[in-house]
Number of protein chains: 2
Amino acid sequence: MSDAAPKKTSQKPTRKEATSRAYHHGDLRKALIDACVHLIEDKGLEAVSVREVAKLVGVSPAAPFRHFATRTALLTAVAEEAQERLGASIADTLRAAAQETPLMQFRAIGVGFLRWSFANPTHFQVISSRSVIDYEGSRLRSRNDLIRVRMNELMCDAASQGLLRPGDIKRYQIAARAMVYGLARMYIDGQFPSWGLPVEGALAESIKVLDLFIVSISMAVALDGNL
Amino acid sequence: MSDAAPKKTSQKPTRKEATSRAYHHGDLRKALIDACVHLIEDKGLEAVSVREVAKLVGVSPAAPFRHFATRTALLTAVAEEAQERLGASIADTLRAAAQETPLMQFRAIGVGFLRWSFANPTHFQVISSRSVIDYEGSRLRSRNDLIRVRMNELMCDAASQGLLRPGDIKRYQIAARAMVYGLARMYIDGQFPSWGLPVEGALAESIKVLDLFIVSISMAVALDGNL
DNA sequence: ACCTGAACACCGTTCAAGT
DNA sequence: ACCTGAACACCGTTCAAGT
């Protein structure tokens, strides 16, 4: 009798098992995060208010505070979800390049970063606006460090295989990250049109800029053209 | 009688001529901008409220709206002042490099940008957080364009003098800007310690990263070491 | 001409009370 | 266990009224 199916489920019969905290129509925590993303897309990051998010979801202004201690915590959760997807995007690009040289895999990380950032400008914006999220007190820092460690490994491999022009390996990594991060910021800040580039071409151009750098630290001088 | 000096100046006898709008102790507009900068330094950009700025200066909550139509307008004024100084910093570095090659003058713009950004992180933060300022509806855009035009001129000169490795000149500029902008962001976001670099060495390291790039687009292959 | 005081519609957050 | 309603101290902004 105890393991009989309860008949009290007067809600929806099709219940997703992934949802944990249930309220009157599913998973409030997830619903709040999604609504927050939509609100950012609509009105911008600064316009996000917990009350507005609550209203969008259809709960009282106090309800979100059962799941997020603070407005910052809500936005940090959005950032964490975003970084999860960014990590997946980079992993995909990296997997596709698994047979290539360490330097090309290093490049693949940059390409994955650019591809994801350009395709998900809102999420990228949340990740990179640290004044509004709790970067240190979350898994964002350690997640980010994982990528950096991978970059370092690939760089060391590339150096030991003689693929790199002699120079400071750490500096190469800083340069690559600065460049790729700067390109993504230029895109979401709408700076590409100022350079006479249509927005559609921004990703392709950014990858070419990245390749310019990769070639410049590469030992293979002949490796230019359609890399 | 009409051009006689009025005796009604019961305020301060030592009156700066640069100040325009006078209130009970000088120039409210300027006082608000300064207080706003201090508030950002103390509590961060997100914590800026017009009321708090007004309280710091000692006026009523409504007083600032006589000078700035909106909170955004106040922060935009801070950004404009910041960019004025950034422009001056770049002009200084550029003047010091007036005798050098176009490519080295191009580099000087980057160095000036880095130097100023690292020395004035708060102001740089305001300039670069476009969601909180009115970038288009201000002189920020056109001011910024001036620097970009100068960069383009120098790049064209460098190319016609045979100083550049063959390649897309526009791409070189985008790469340089992305790199320099990314380095500044990495600095204010506190990313340098993650790369094992002390904060004091961040500027020097950033300039070296910039030089790495300059050398890579330069025709003079032998131009390395202590550039 | 420039500022104040009071008001309006918001906001984040807390907490007792409901189911 | 999860949510509501009311409350508190804030906020941006407006506007009539003061000097």
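Just so it is clear, the structure is predicted and the values come from calculations on it, not from any experiment. Sequence lines set the chain letters: A, B, ... in the order given, protein chains first and strands last, and positions in each chain run from 1.
- Between dC2(D), dA7(C), dT4(C), one nucleotide has an atom nearer to the side chain of R66(A) than all others, and that is dC2(D).
- At whole-Å resolution of the value, CG in L45(B) and P in dC11(D) are 15 Å apart.
- Which of dC3(D), dC2(C), dT13(C) sits closest to the side chain of L28(A) comes down to dC3(D).
- In a base pair of the Watson-Crick type (N1 to N3 plus N6-O4 or O6-N4) or a G-U wobble (N1-O2 and O6-N3), with each distance short of 3.5 Å, dG12(D) is matched with dC8(C).
- One atom, CZ of R29(B), and another, P of dA1(C), lie 18 Å apart when rounded to the nearest Å.
- One finds no side-chain N or O of H67(B) lying less than 4.0 angstrom from the OP1 or OP2 phosphate oxygen of dC2(C).
- The distance from atom CG of L32(B) to atom P of dG12(D) is 12 Å, rounded to the nearest whole Å.
- Atom CD in E52(B) sits roughly 17 Å away from atom P in dA9(D) (whole-Å rounding).
- Ion pairing between R150(B) and E153(B) holds under the 4.0 Å rule for side-chain N and carboxylate O.
- In this structure, NZ of K43(A) is placed 11 Å from P of dC11(C), rounded to the nearest angstrom.
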I'd like a table of donor-acceptor pairs (distance under 3.5 Å, sequence neighbours excluded) in which one partner is a side-chain atom from residues 38-53 of chain A, with atom names and distances.
unit_1: H38(A); atom_1: ND1; unit_2: D34(A); atom_2: O; d: 3.3
unit_1: E46(A); atom_1: OE2; unit_2: S131(B); atom_2: OG; d: 2.8
unit_1: S49(A); atom_1: OG; unit_2: E52(A); atom_2: N; d: 3.0

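- Rounded to a whole Å, the CZ atom of F68(A) is 15 Å from the C1' atom of dC3(D).
- Nucleic acid contact class of R51(B) (heavy atoms, under 4.0 Å, all strands): base.
- Among the nucleotides dA7(D), dC3(C), dT4(C), the one closest to any side-chain atom of S60(B) is dT4(C).
- Base-pair partner of dA1(D): dT19(C) (Watson-Crick or G-U wobble, both distances under 3.5 Å).
- Rounded to whole Å, atom P of dG12(C) lies 13 Å from atom CD of E46(B).
- Listed nucleotides dG12(C), dG12(D), dA6(C) differ in distance to A62(B); the shortest reach to its side chain belongs to dA6(C).
- We find that CG of L74(B) is positioned 14 Å from C1' of dC11(D), with the value rounded to whole Å.
- Proximity of T70(A) to the phosphate of dT13(C): a side-chain N or O atom is located under 4.0 Å from OP1 or OP2.
- Summary of the strand contacts: A63(B) and F65(A) both lie near DNA chain C, and taking for each the nucleotide with the nearest heavy atom, the more 5' one is attributed to A63(B).
- Between Y187(B) and F118(B), the ring-plane angle classifies as parallel under the 30° and 60° cut-offs.
- Checked by atom type, the side-chain pair Y135(B)/N144(B) shows a donor-acceptor distance below 3.5 Å.
- Within the structure, every side-chain polar atom (N or O) of S49(A) is placed at least 4.0 Å from both OP1 and OP2 of dC10(C).
- A salt bridge links R143(A) with E84(A): at least one charged nitrogen is closer than 4.0 Å to a carboxylate oxygen.
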